[in-house]
> 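One structure follows; several queries about it will come next.
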Amino acid sequence: MLKDSGEFLSGQELSEKLGVSRTAVWNMIGKLREEGYQIEAVTNRGYRLVSAQDSDILNEAEIGSALRGVSWAGRNFVFKKETGSTNEDVMQYAGEGAPEGTLVIAGRQSHGKGRRGRTWISPQDGNVYMSLLLKPDYEPQQAPMVTLVAAMAVCAGMRRQGGEFYIKWPNDVVLRVKENGKDSYKKVAGILTEMVMEDAEIRSVVIGIGLNVNMKQIDEEIAETATSLYLGLHRTVNRAQLIGDIWKSFEEYYEEFKNAKDLAPLRERYEAALVNRGRKVRVLDPREPFEGTARGIDESGSLLVETRDKKLRAVSAGEVSVRGIMGYV
Ligand code: BTN
């Protein structure tokens, strides 16, 4: 009610509308303040929510209102202040019959999982850890493409914040930052897609997304390649709004992918956001590493790398990783 009105609401009015005592209203105001809301209380006028421009409060109510615009991705969500891994949570809910679009969001993970068996550092420091359940009817080989679709959605959602965000193939989202007068690209989001199979068919796909949002400090071991939106944009970002923007974009892109059963309709837009495009890359194929220039992707999401002898080689995600010649990008 305070948010909707933006003005002072008297304790009397609030207590009548809510059907509770004025003491109960006072107690609720106290709880909201504890959660981080700034509420002014003035004798004879009542209470007013001070709208802080850079406010960031992540709770069920804020997420619910940010996800009001989605039709299925995140309609059904669970918010946990803390969990082991949101991917694991969604897997468990999937086993219990949760519907497609179920979303788990956490403020901290004790066992955050990254790709290639790595750990995803998940402190309670203003970040977002979330996972979405899909129950697709396509073939297992199409599932990895969903990760590229998710990267497009994260990139689009982040761009609404005003920074220069790009995709590092296949699915890292990076932000252009200036460091010691030099431009570089640093990772602000990672995506881990996991699949549950049964009799050679996909049961569920879980898309896990980790966003470095308002984290004030980056662990030394990843500081060279990673940053947060707060550190890169120099302001606090509203996480609930970012979450809403990402899943709204995801629904649109996913619809196109599902109809086509590949990335053909999204290819141009993906390539427009691809930071590797036109850059020299080193393909870290364990059997045969090679170098070339990244040109784009094909409809299955493989990276097209032009080698010195002008041949295009398709590098499929999952098999190999790609690095820039001079560094991360
Ligand atoms: C990567 O290595 O780049 C992928 C990181 C994915 C991290 C997210 S955080 C939410 C979800 N739960 C997990 O345990 N991992 C993913």
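Here, residue 1 is the first one in the sequence, and each next residue gets the next number. As the structure is a computational prediction, the values presented were derived from the model and not from experiment. Heavy-atom basis, side chains included; hydrogens, waters and symmetry copies ignored. We count ligands from 1, going down the list as the structure has it; atoms in each ligand are counted the same way.
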> Is the shortest N/O to N/O distance between Arg115 and ligand 1 below 3.5 Å?
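Yes: some nitrogen or oxygen of Arg115 is under 3.5 Å from one in ligand 1.
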
> Please state which part of Asn171 comes within less than 4.0 Å of ligand 1, counting heavy atoms only: side chain, backbone, both or neither.
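The answer is neither.
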
> Can you find an N/O atom of Lys113 closer than 3.5 Å to an N/O atom of ligand 1?
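Checking ligand 1 against Lys113, an N or O pair does fall under 3.5 Å apart.
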
> So is Gln109 close enough to ligand 1, meaning a heavy atom under 4.0 angstrom away?
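Flag set, Gln109 near ligand 1.
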
> For atom 8 (C) of ligand 1, what's the nearest protein heavy-atom neighbour? Residue, atom name and distance, please.
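Among all protein heavy atoms, the one nearest atom 8 (C) of ligand 1 is Gly210 N, 3.6 Å.
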
> For Ser131 and Asn87, does a side-chain donor sit closer than 3.5 Å to a side-chain acceptor?
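A pair is found: one side chain offers a donor N or O, the other an acceptor, under 3.5 Å apart.
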
> Taking atom CZ of Arg45 as the centre, does the number of heavy atoms from other residues, nucleotides or ligands within less than 6.0 Å exceed 12?
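Not more than 12 within 6.0 Å, no.
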
> Give a yes/no verdict on a cation-pi contact between Arg159 and Phe165, requiring under 6.0 Å between NZ or CZ and the six-membered ring centre and an angle within 45° of the axis.
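That pair does not qualify as a cation-pi contact.
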
> Any salt bridge between Glu100 and Lys135, counting N to O under 4.0 Å?
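No.
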
> At less than 4.0 angstrom from any non-hydrogen atom of Gly112, what atoms of ligand 1 do you find?
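Here the atoms of ligand 1 in question are 14 (O).
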
> Atoms of ligand 1 less than 4.0 Å from Thr86 heavy atoms?
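Per the distance check, 10 (C), 11 (C), 12 (N).
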
> Would you mind running through ligand 1 and noting each atom that sits below 4.0 Å from a heavy atom of Lys187?
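Per the distance check, 1 (C), 3 (O).
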
> Think Arg313 forms a cation-pi with Phe290, using NZ or CZ under 6.0 Å from the six-ring centre and within 45 degrees of its axis?
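Yes, Arg313 and Phe290 form such a contact.
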
> For atom 5 (C) of ligand 1, find the nearest protein heavy atom and state the residue, atom name and distance (0.1 Å precision).
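Looking only at protein heavy atoms, the one closest to atom 5 (C) of ligand 1 is Trp120 CE3, 3.3 Å.
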
> Output the list of atoms in ligand 1 that are nearer than 4.0 Å to some heavy atom of Met130, sorted by atom number.
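It comes down to these atoms of ligand 1: 10 (C).
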
> Count the heavy atoms belonging to other residues, nucleotides or ligands that lie under 6.0 Å from NZ of Lys216, then report whether that count exceeds 12.
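More than 12 within 6.0 Å, yes.
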
> Going by the side-chain contact (heavy atoms from CB on, under 4.5 Å) test, name the single residue among Leu134, Val146, Val206, Val205 that passes it with Met195.
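With Met195 as partner, Leu134, Val146, Val206, Val205 yield a single side-chain contact (heavy atoms from CB on, under 4.5 Å), made by Val205.
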
